Amino acid sequence: MRPEIALTNAGVLVDVVGIGYDEYSPEQRDQVTTAFPRGDFKNEFLQVQTCSALKKPQTTFGTVNFDYIEDHDPTFHKPNACTRIRNTPWRS
C-alpha cells in the first residue's frame, strides 16, 4: 500500500472498529475527540452504510455490506453461491 492509503486504512480501522485503539494513550484519544467530536458516530455510520447497502442489496454478496442489511432486516436472505450457480442459464 502506498503510505497515504495505509494511513487512511489505519485511521478507518481505529475509527470504525477500534483496531489499534489501545496503541494510543487516554490523553491522546481525548485530544483527538476534543478536536474532532465523534457525536453518535457508531449509529450514524451504521445508518449511512445500511442506506447505501439497501440501494442495491443483491450487490452485497461476498461483502461486509450484507451485515448492514441483515442487522437492519433479519428476514433478508443473502445471495447464496450455490443457488447462483444452479440458476445460471447454462444447461449444465
Side-chain angles (χ1 to χ4, degrees):
M1 269 186 233
R2 294 191 326 241
E4 64 273 17
I5 294 170
L7 183 59
T8 300
N9 185 54
V12 168
L13 290 176
V14 74
D15 216 21
V16 177
V17 292
I19 294 174
Y21 179 86
D22 291 327
E23 295 176 24
Y24 299 91
S25 69
E27 294 79 18
Q28 289 172 314
R29 293 190 301 259
D30 287 345
Q31 287 176 343
V32 171
T33 56
T34 296
F36 304 99
R38 289 177 61 87
D40 190 15
F41 178 82
K42 292 177 185 181
N43 289 313
E44 290 173 3
F45 182 85
L46 289 171
Q47 182 180 14
V48 167
Q49 293 299 110
T50 300
C51 287
S52 177
L54 285 169
K55 289 179 182 177
K56 294 185 177 181
Q58 295 306 312
T59 66
T60 64
F61 180 74
T63 72
V64 70
N65 292 335
F66 168 74
D67 295 342
Y68 301 117
I69 295 176
E70 184 180 48
D71 187 69
H72 173 77
D73 178 4
T75 65
F76 179 76
H77 297 287
K78 71 178 179 178
N80 177 294
C82 297
T83 301
R84 290 180 73 176
I85 291 168
R86 287 186 184 107
N87 290 334
T88 64
W90 298 102
R91 286 187 283 148
S92 66

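Side chains included, hydrogens not; waters and symmetry mates left out as well; all remaining heavy atoms used. From a predicted model like this one, the values you see are computed outputs, not experimental measurements.
- The closest donor-acceptor contact from the side chain of N87 to the backbone of T83 lies under 3.5 Å.
- Heavy-atom neighbours of Y21 OH from other residues, nucleotides or ligands within 6.0 Å: at or below the threshold of 12.
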For this session: Check step by step if side-chain contact (heavy atoms from CB on, under 4.5 Å) holds for T50 and L54.
Result: CA-CA 6 Å; T50 300; L54 285 169; 3.7 Å; yes

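- The closest donor-acceptor contact from the side chain of Q28 to the backbone of S25 lies under 3.5 Å.
- Rounding to the nearest 0.5 Å places CG of N9 at 13.0 Å from CZ of R2.
- For the pair I69/T60, a side-chain contact is recorded, criterion being any heavy-atom separation below 4.5 Å from C-beta on.
- With respect to P57, the side-chain contact (heavy atoms from CB on, under 4.5 Å) criterion is satisfied by exactly one of Y68, F76, F66: F76.
- Here the straight-line distance linking atom CD of E70 with atom CG of D67 works out to 6.5 Å at 0.5 Å rounding.
- No more than 12 heavy atoms of other residues, nucleotides or ligands lie within 6.0 Å of CD in E23, so this atom counts as exposed by the packing criterion.
- One finds the CE atom of M1 at 10.0 Å from the OG1 atom of T8 (value rounded to the nearest 0.5 Å).
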With a cut-off of 3.5 Å and sequence neighbours excluded, list every side-chain donor-acceptor pair involving residues 31-39.
residue: T33; atom: OG1; partner: R29; partner atom: O; Å: 3.1
residue: T33; atom: OG1; partner: D30; partner atom: O; Å: 3.3
residue: T34; atom: OG1; partner: D30; partner atom: O; Å: 2.7
residue: R38; atom: NH1; partner: D15; partner atom: O; Å: 3.4
residue: R38; atom: NH1; partner: D15; partner atom: OD1; Å: 2.5
residue: R38; atom: NH2; partner: D15; partner atom: O; Å: 3.1

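- The 12-atom threshold is exceeded at CD of E44, counting heavy atoms of other residues, nucleotides or ligands nearer than 6.0 Å.
- Hydrophobic clustering of Ile, Leu, Val, Met, Phe, Trp and Tyr side chains at less than 4.5 Å, counting indirect connections, keeps V14 apart from F41.
- Follow the hydrophobic side-chain contacts under 4.5 Å out from L7 and you never reach I19; the two are in separate clusters.
- Criterion: ILVMFWY side-chain heavy atoms under 4.5 Å apart, direct or through other members. Under it, V64 and F61 are not part of a common hydrophobic cluster.
- Connection of V48 to F45 is not established within any shared hydrophobic cluster, with ILVMFWY side chains joined at heavy-atom distances below 4.5 Å, either directly or through further cluster members.
- In this structure, Y24 is not a member of the same hydrophobic cluster as V12, with clusters built from ILVMFWY side-chain heavy atoms closer than 4.5 Å.
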